[in-house]
Protein chains: 2
Amino acid sequence: MGAAMVGMMKPPEAGALDALALKFRSLELDSEADLQTVLRFVKIREAVSPGENIVDTRSPRRQLTVLLAGVACLHKKLEDDSRQIYTFQYPGDFCDLHRYMLPELDQKATVTALTACSIGTIRHDDLDQLLSQHPKLGLAFWRASMLEASILRERLLNISRRAALPRVASIICEQLARLEAINIKSAVIPITQVDLADAGGLSVVHVNRIVQDLRKLGALSKKTRTIEVASKERLAQLANFDRRYLNMPDLLSDWKIDIEELADS
Amino acid sequence: MGAAMVGMMKPPEAGALDALALKFRSLELDSEADLQTVLRFVKIREAVSPGENIVDTRSPRRQLTVLLAGVACLHKKLEDDSRQIYTFQYPGDFCDLHRYMLPELDQKATVTALTACSIGTIRHDDLDQLLSQHPKLGLAFWRASMLEASILRERLLNISRRAALPRVASIICEQLARLEAINIKSAVIPITQVDLADAGGLSVVHVNRIVQDLRKLGALSKKTRTIEVASKERLAQLANFDRRYLNMPDLLSDWKIDIEELADS
DNA sequence: CGGATTATTGAGGGGATTCAAATGGTGTGG
DNA sequence: CCACACCATTTGAATCCCCTCAATAATCCG
């Protein structure tokens, strides 16, 4: 509908940018004109298979990458070749904003597709122009970065101070909430136990035991070997999950919010 | 010198904003005019004693707080009243940017003075105007947020995947580098072992043992009971420290950079 | 069908925790 | 100026959560 409003011919890839448009709206980019302008600069790239890198140290540094479909993760390999997953990325998320603003940063951090993904790119040159001509756009990107920081803080807290079970439960809750926010209602989290381990700072073996505990406790489904949520409420309770750090509209949500938590703040 | 260039009377608190000016320059805010404009909107507040909150849930939500002198930390209390320190803050750092952009976020996160601090504030209303009239300012704040995210990622990685000794060593390295970046050359890190524990996700008892190990290994000074760096090189080596994530100019620095690390990236 | 990745289960070890107590340093007030 | 309280630091002992190692299913993909 957005595209129609500005009277453009629908391009063949119509719909491909819906996720990105939704993202910008959630970042409070109010101006429909600004939104349509930036969308026009997105080039849609070929699909990426699971396990392939979307952004790595060898990628050209002259463009911003946007995830349009699929699930990816930002991660880094350590000296002992263990892996830390910083964040999971969903349709609409920006993969490498840090490379645009602080190009010297995070040389080794890479983005890898976890499922089949499709991506778009915006040239850095174009972004320079867009930002100078549409200042509101900068504020939206800024919000995106702050949201990422908020997610990192929450994960830091979980890894640092919580036991394995609430930790794993929290990560699953987050993914569920983020999937909901982009209208993906599936109870299956498209993430392996290996990924959970690398994101949560646990061994795969222990994650497996925790997952089985979560199944016994009624939070996850016992029927599959995948991560399938059986009871969102039970999971959130075990995780002590407070989704406010994700800064999402409550519209779609029927999460239990702890009343006293709200009251004393 | 900056203030003189625009022909202003030097206010009584001349020099108080130097740290903030330095910060903005490090965030690549090139325009001296923009810089002077924003500095003019900073109100200097009274001093804050160690242990007192600079920003908490009861603070008015209508202003941005800037640390002008001293050391503070952004942290959050958990349900079991343990504490997670997200980041340490130094002169020039913004304490509560997140409250400006995403006011619903991180309700419970507070900023507390670790040493005697002095702070400044900018009203959110003024910030609204400043940002719309000086778009470059928004990019600088955006960079500040990305830098914070970078620091969070590094800490996440440390806590998640490294043993206690390199973990503690890394945190100390970071503080040393950040102090250097604002021209504070002291080898004493103004942080207690309790703070180190809360930042590193360790118990105080264990941090103490690690600190003693670091002293035996020649990284910290044996002469004091404070955290005093005896050998920056040794510490960085034990920490496997790569300061690039801090995005700092190398000007002031004589840190050893691992050559092969640079070569293969 | 074979190779690779993921999931699962068992056993044993270790790093960090918790509990408990003593020491040293600092500041406040009598 | 000392006494006392408070906090940070230090040390010891016992415990436990999670890890590593190892091996076996189950699943996916070409």
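In what follows, chains carry the letters A, B, and so on, assigned in the order in which the sequence lines appear, proteins first and then strands, with residues in each chain numbered from 1. Only this structure's heavy atoms are used, side chains among them; waters, hydrogens and symmetry mates stay out.
In this structure, the side chain of A:Asp198 does not engage the main chain of A:Asp195 through any donor-acceptor pair within 3.5 Å. Listed for the B:Arg243 side chain is no donor-acceptor partner under 3.5 Å among the backbone atoms of B:Cys173.
Counting to the nearest Å, the C1' atom of D:dT20 and the CG atom of A:Asp81 are 14 Å from each other. To the nearest angstrom, P of C:dG25 lies 14 Å from CD of B:Gln193. Taking atom NZ of residue A:Lys223 and atom P of nucleotide D:dT27, one finds them 17 Å apart after rounding to whole Å. With rounding to whole Å, B:Asp198 atom CG is found 12 Å from D:dT9 atom P. What separates CZ of A:Arg215 from P of C:dT9 is a distance of 9 Å, to the nearest Å. Taking atom CD1 on B:Ile191 and atom P on D:dT9, their separation rounds to 11 Å, with Å as the unit. A straight line from CG of A:Leu196 to P of C:dT8 spans 12 Å, rounded to a whole angstrom. Atom pair B:Leu114:CG and D:dA8:P shows a separation of 11 Å (rounding to whole Å applied).
Here A:Asp242 does not pair with B:Lys108 in a salt bridge; the nearest charged N to carboxylate O distance is not below 4.0 Å. We find that A:Glu79 and B:Arg162 are joined by a salt bridge, their nearest charged nitrogen and carboxylate oxygen being less than 4.0 Å apart.
Each end of the helix from C:dC1-D:dG30 to C:dG30-D:dC1 gets its own axis, taken as the rotation carrying the C1' atoms of four end pairs onto the next four within a five-pair window, and the two axes meet at 50° to the nearest 10 degrees.
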Between the protein and nucleotides 17-20 of chain C, list the N/O to N/O atom pairs that are separated by less than 3.5 angstrom.
unit_1, atom_1, unit_2, atom_2, d
C:dT17, OP1, B:Ser203, N, 2.8
C:dT17, OP2, B:Ser203, N, 3.1
C:dT17, OP2, B:Ser203, OG, 2.7

Evaluate side-chain hydrogen bond (donor to acceptor under 3.5 Å, both in side chains) for A:Tyr86 paired with A:Glu148, printing each intermediate quantity in order. CA-CA 10 Å; A:Tyr86 293 124; A:Glu148 208 180 311; over 6 Å; no

Begin with the C-alpha distance, continue with both residues' side-chain angles, and end with the deciding distance and a verdict on side-chain hydrogen bond (donor to acceptor under 3.5 Å, both in side chains) for A:Gln212 and A:Arg209. CA-CA 5 Å; A:Gln212 291 175 54; A:Arg209 294 190 228 272; over 6 Å; no

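Within a 6.0 Å sphere centred on NZ of A:Lys77, heavy atoms belonging to other residues, nucleotides or ligands number 12 at most.
Checking C:dA7, D:dT11, C:dT8 against the side-chain heavy atoms of B:Asn208 singles out D:dT11 as nearest. Candidate nucleotides D:dT9, C:dT8, D:dT11 were compared by shortest atom distance to the side chain of B:Thr192, and D:dT9 ranks first. The listed nucleotides are C:dT6, D:dT9, D:dT11; the one nearest the side chain of B:Arg225 is D:dT9.
When heavy atoms are screened at a 4.0 angstrom cut-off, A:Arg162 is found touching no nucleic acid atom at all.
Defined by atom type and a distance below 3.5 Å, a donor-acceptor pair is missing between the side-chain atoms of A:Ser150 and B:His98.
Between A:Phe241 atom CZ and A:Glu233 atom CD the span is 13.0 Å, to the nearest 0.5 Å.
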